[in-house]
Every structure is written in structure tokens, then in C-alpha cells.
*Asks:* 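To start, I am sharing the structure in question, which I have written as C-alpha cells.
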Amino acid sequence: MAPPLSADKLVEALKAEGVKVVGHPGWRDNNRNHKGAWGPVNGTMIHHTGPYSTEAGILEYCFDGSTPLPGPLATGVIGKTGTVYLIGNGRANHAGGGDARVLAAVTEEDYGAAPPAPRYGQGDADAVDGNSHFYGWECVNSGSGNESWPKAQYVAMVKAQAAICRAHGWGAKSVIAHREWSNQKIDPRGIDMAGFRADVAACLAKPAGKWTGSVTPPPLTVEQRLARLEAKVFG
Ligand SMILES: [Zn+2]
């Protein structure tokens, strides 16, 4: 539990970790703090964006949102080449409703390979508001199951999460997937979270900026493995 990082501290932490940071125009004043609490913060959450046409388009969408889901939709967007685009500074519409049991496990960093499976999601009477408790990172990927996670993007995802954890004095168990928060979500598809957290832990074990990202390559998705098998058999 902690007060959220200021915009300057957030930039400083990300840069110290060695990621390329680009502030989307207006990001410092873009938040939903007028609609609900921002903080105390207890963790940081990764997502996939879902279908998209261009990276520039997804930045605009995550900044503005839509009528039913106003922006910002993330703290930042992490692009295919590993650039971290800052989108919002404060409460963002990304986590939605989730499970208090997960929030407790993350806050205490008290769980094994994964937090307890979430029982609730957005709109459920027993769900708790994740937007006040988690930083949110939309990682550009269609979520189709066939789209790979380039190493540069994966490394930036790990480093961005490590930056938040290091700045707050948290460990890797403060990092969760959206699907670990809400029982209505599958994202980020293709990212094994136990391996991802192991990489965040490896990054945190080194001084900021020294981790090179060689521990756990993102695993192939089931669909990618099937495609390979098909190519082997029929190709
Ligand atoms: Zn999500």
C-alpha cells in the first residue's frame, strides 16, 4: 500500500530501468481522479490491447477511450518495439472490478506461482474497484493467440513493471495479469505470468538498468505450437 508515484517520479523510474519513454501529448493531465479514488496503490497490471490497426491509433484510443469507457485506459501503452508511451497520470479505466482476495494476496505479496483464481469481474456485486489500486499497462497485441510477443516488447514490459516495483519497494508478486484480477478476462494472452514474474524478480535483483532480458523468453501460445506442428506434418 502506498501513495501513487508523481508523474516526474514515474518517468524517472522508467528511464532508470532503461526503457524508452515517450509521453503522449497531454498525458500528465489525463486521469479519472474526478470519478473515483486513485490510490493507495497496491500493484501493477498488464493487459493486451486487443485488435488494433496501427500503434498510433491504439495510443489515441487509450488516451481518449470511448463513450462507454472514457480514457485514459492505461497508465501506459507498451509498443511492439519496446517503447513505453505514457498515456495517463492517475486513475485509469483498465482493471475494472475484480476479486478482493486477489487484492489482499497482491498487497501482502503472499501467494505461490499465481494469486488465487478470481471469482468476480466487472459488474459483479462483490467485485472491488481495481482502477484505484493498480497501475495499468496496455501491451500492443491483438490477443488472437497467433500474434507473437517480440523480445523487445517483452523486455520493456518486464522493465516497466520492475520500475514500478522498485520505486515502491515492492517485489515481483505485486505484478499481475488482468486475467488474474477478473474472471471475465483472458489478457495478456500468451504471457505465462509465473515466468513473467520470475523475469521481473531477476530484473529487480540487479541494479536498475542492468537486466538484459535473457531469463525467460515468452512461451509460444497453444495456437502457435499447433501452427508449427501443422507446418511440420503438412508443410
Ligand atoms: Zn485487460
Side-chain angles (χ1 to χ4, degrees), residues 24 27 30-32 35-36 38 41-53 55 57-80 84-88 90-103 105-106 114-124 127-149 153-154 156-158 160-161 164-165 172-197 200 218 221 223:
H24 194 73
W27 78 274
N30 195 26
N31 61 61
R32 302 272 300 158
K35 292 292 183 184
W38 170 232
V41 285
N42 305 91
T44 178
M45 185 180 295
I46 57 172
H47 306 255
H48 66 230
T49 54
Y52 63 97
S53 50
E55 209 157 282
I58 206 83
L59 297 180
E60 291 300 327
Y61 177 65
C62 286
F63 189 90
D64 293 329
S66 61
T67 304
L69 192 66
L73 306 185
T75 309
V77 170
I78 303 179
K80 287 286 189 189
V84 175
Y85 302 93
L86 291 170
I87 296 293
R91 180 184 174 88
N93 263 332
H94 72 95
D99 194 330
R101 195 171 58 172
V102 176
L103 181 60
V106 171
R119 300 163 295 177
Y120 313 116
Q122 180 65 19
D124 288 339
V128 298
D129 168 30
N131 295 335
S132 62
H133 295 291
F134 290 92
Y135 298 87
W137 305 90
E138 287 287 350
C139 307
V140 177
N141 188 286
S142 70
S144 68
N146 293 318
E147 193 170 312
S148 67
W149 292 91
Q153 184 183 28
Y154 181 85
M157 288 160 64
V158 170
Q161 305 320 298
I164 298 288
C165 292
K173 289 187 177 182
S174 290
V175 183
I176 59 171
H178 200 187
R179 66 171 181 270
E180 293 177 317
W181 174 244
S182 162
N183 65 356
Q184 300 167 2
K185 298 293 179 178
I186 62 163
D187 62 316
R189 196 167 182 190
I191 298 292
D192 168 70
M193 287 307 294
F196 188 87
R197 279 186 284 267
V200 173
T221 63
E223 289 85 351

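The figures here come from the full heavy-atom set of this structure, side chains too, leaving out hydrogens, waters and symmetry mates. Order of appearance sets the numbers: ligands from 1, and atoms from 1 within every ligand.
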*Asks:* Provide the closest heavy-atom pair for I78 versus A160 in the form atom of the first, atom of the second, distance.
*Replies:*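 For I78 and A160, the tightest heavy-atom pair comes out as CD1-CB, 4.0 Å.
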*Asks:* So which protein N/O/S atoms does the Zn ion (ligand 1) have within less than 2.8 Å?
*Replies:*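 Those protein N, O or S atoms (cut-off: under 2.8 Å from the Zn ion (ligand 1)) are H47 ND1, H178 ND1, D187 OD2.
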*Asks:* Nearest 0.5 Å, what's the SG-CG distance between C62 and N93?
*Replies:*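 C62 atom SG to N93 atom CG measures 11.0 Å (nearest 0.5 Å).
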*Asks:* Test side chain to side chain contact (heavy atoms under 4.5 Å, CB included) on L103 and N42; report intermediate values, then the result.
*Replies:* CA-CA 8 Å; L103 181 60; N42 305 91; 4.0 Å; yes
*Asks:* Looking at Q161, H178, M45, H94, which hits side chain to side chain contact (heavy atoms under 4.5 Å, CB included) with W137?
*Replies:*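 The side chain to side chain contact (heavy atoms under 4.5 Å, CB included) with W137 is passed solely by Q161 among Q161, H178, M45, H94.
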*Asks:* Do any N or O atoms from the side chain of E180 and from the backbone of A114 form a donor-acceptor pair under 3.5 angstrom?
*Replies:* no
*Asks:* If you round to the nearest 0.5 Å, how far is CD of Q153 from CG of N141?
*Replies:*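 Between N141 CG and Q153 CD, I get 6.5 Å after rounding to 0.5 Å.
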